[in-house]
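Report on one structure; see the data block that follows.
Both counts, for ligands and for their atoms, begin at 1 and track the order of listing.
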Amino acid sequence: MNQARDFYRFSITIPPITDEVDMRTYSNNAQLQSALDSFRSKGQSIAFVPTMGNLHEGHLNLVRKAASLCDVVVVSIFVNPLQFGPNEDLDAYPRTLAADKEKLFSEGVQVLYTPEVSDIYPQGMAQQTQVSVPDLSDTLCGSSRPGHFDGVTTVVAKLFNIVRPDTAVFGEKDFQQLSIVRKMVRDLCMPVKIVGVATTRDEDGLAKSSRNGYLSPEQRHIAPIIHQTLNSCREAIACGFDNFLQLESHARMQLLQAGLEPDYFAIRDASTLRAVTPETEEIAILAAARLGPTRLIDNVRLTLNPVSDWGMLAGSH
Ligand code: PAF
């Protein structure tokens, strides 16, 4: 009897799951760097996924991609105040560290980096040297969120210098951000490979985003119209409709009629994010719209066939 009870007691005594066992969490830069040096000294490659937390399936797909590319995955969670405008949702931005840790642990992430604002901006944000990518940062989201992309590139450059990853993984949902980070890395000769991952969507097409959590049930019902409108526009272009101004204004009207407040709906060259030209090889169709106080963004892309689509789009704008 006693033996049976002892056996039972023994069999349920499993070691507690702690960060120390499998996923190490650091907020201190020096400790993080010494842990990463020890991986590097064993010849292990490092993939990095920078995030602002409130992790969803979209982030976890970035983590899975990172794990498929390198030996060690490092994820950062840092809600970067430098990329939020004065009237934006910095304070309301969801902070869900305990749940995020569990998700990352389940994905087998080895290192989590959770710096404080004072670790990233020890002299304060006003004194911070900034990295600014010209041109690409001024259009689309950059027009309605002045300074936003300078905040993104500054923090990403700092994170790259702290983590020194071989590869960094970003979502294509933030297509403009991905383009800007690629240009920053190219222009500043940063030794990191940037990998983009396709947007993860709910079944009705809504792109996964931490900000979807702000939507009321009614707004959540309306939100997929952004993706539907982007898709209709892509189909029209693929079918040869080449009056882009008309397509853009028709799409904006559709968003308005659905109860969204479009910020922009734009058909652009995917590599310059400027107007489509005869040299354009890939088109990006990008939209940002407000639904109540929530600003949602999404995009789809269309690769042009140089032979058959060329003439069709040569005169378009
Ligand atoms: O895409 C994000 O979550 C953020 O812009 C990033 C890249 C983590 C920088 O703060």
Side-chain angles (χ1 to χ4, degrees), residues 27 29 32 47-63 65-66 73-85 88-97 99-100 103-104 109 111-121 125 128-133 136-137 140-142 144-163 165 167-185 188 190 192-200 207-214 286 288 294-299:
S27 50
N29 296 354
L32 171 83
F48 177 45
V49 184
T51 81
M52 298 207 298
N54 192 234
L55 303 179
H56 50 66
E57 200 56 23
H59 295 110
L60 301 184
N61 279 336
L62 305 186
V63 167
K65 181 68 184 182
V73 176
V74 180
V75 175
S76 65
I77 295 181
F78 178 63
V79 182
N80 173 33
L82 199 61
Q83 69 187 75
F84 286 79
E88 294 187 344
D89 57 344
L90 174 62
D91 293 337
Y93 200 86
R95 286 145 170 101
T96 53
L97 187 57
D100 292 348
K103 289 176 189 169
L104 296 175
V109 166
V111 178
L112 171 61
Y113 175 45
T114 56
E116 298 294 331
V117 174
S118 56
D119 295 306
I120 298 292
Y121 303 117
M125 291 195 294
Q128 174 62 48
T129 301
Q130 298 224 7
V131 178
S132 181
V133 172
L136 277 180
S137 300
L140 302 167
C141 285
S144 39
R145 302 185 69 188
H148 165 68
F149 286 118
D150 292 353
V152 171
T153 41
T154 300
V155 82
V156 170
K158 290 198 77 153
L159 293 170
F160 282 178
N161 285 336
I162 293 165
V163 176
T167 300
V169 182
F170 291 81
E172 288 180 351
K173 188 202 139 232
D174 297 303
F175 187 72
Q176 187 174 10
Q177 170 174 282
L178 174 60
S179 309
I180 290 168
V181 169
R182 283 192 200 282
K183 180 164 163 56
M184 173 184 79
V185 163
L188 297 181
M190 292 175 160
V192 53
K193 182 177 173 208
I194 304 299
V195 173
V197 173
T199 305
T200 304
K208 296 262 189 199
S209 163
S210 298
R211 293 191 168 98
N212 292 353
Y214 298 153
L286 309 103
T294 310
R295 188 172 181 279
L296 300 172
I297 61 171
D298 199 355
N299 70 89

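Every residue meeting the ring pair (Phe, Tyr, Trp, His ring centres under 6.0 Å) condition with Tyr93, not counting sequence neighbours, appears here in chain and number order: Phe84. Evaluation of the side-chain hydrogen bond (donor to acceptor under 3.5 Å, both in side chains) rule for Gln130 yields no partner, not counting sequence neighbours.
An N or O contact shorter than 3.5 Å links Gln83 to ligand 1 by distance.
Proximity of Val181 to ligand 1, defined as any heavy-atom pair under 4.0 Å, is not found for any part of the residue.
With salt bridges taken as basic N to acidic carboxylate O contacts below 4.0 Å, none links Asp89 and Arg295.
What sits closest to atom 3 (O) of ligand 1 on the protein, heavy atoms only, is Met52 CG, 3.6 Å. Counting protein heavy atoms only, atom 5 (O) of ligand 1 is closest to Gln177 OE1, 2.7 Å.
Within ligand 1, counting atoms from 1 as listed, the ones closer than 4.0 Å to a heavy atom of Thr51 are 8 (C). Each of the following atoms of ligand 1 lies closer than 4.0 Å to a heavy atom of Val155: 9 (C), 10 (O).
Between Met52 and Ile77 there is no side-chain heavy-atom pair separated by less than 4.5 Å. For the pair Val74/Pro165, no side-chain contact is recorded, criterion being any heavy-atom separation below 4.5 Å from C-beta on.
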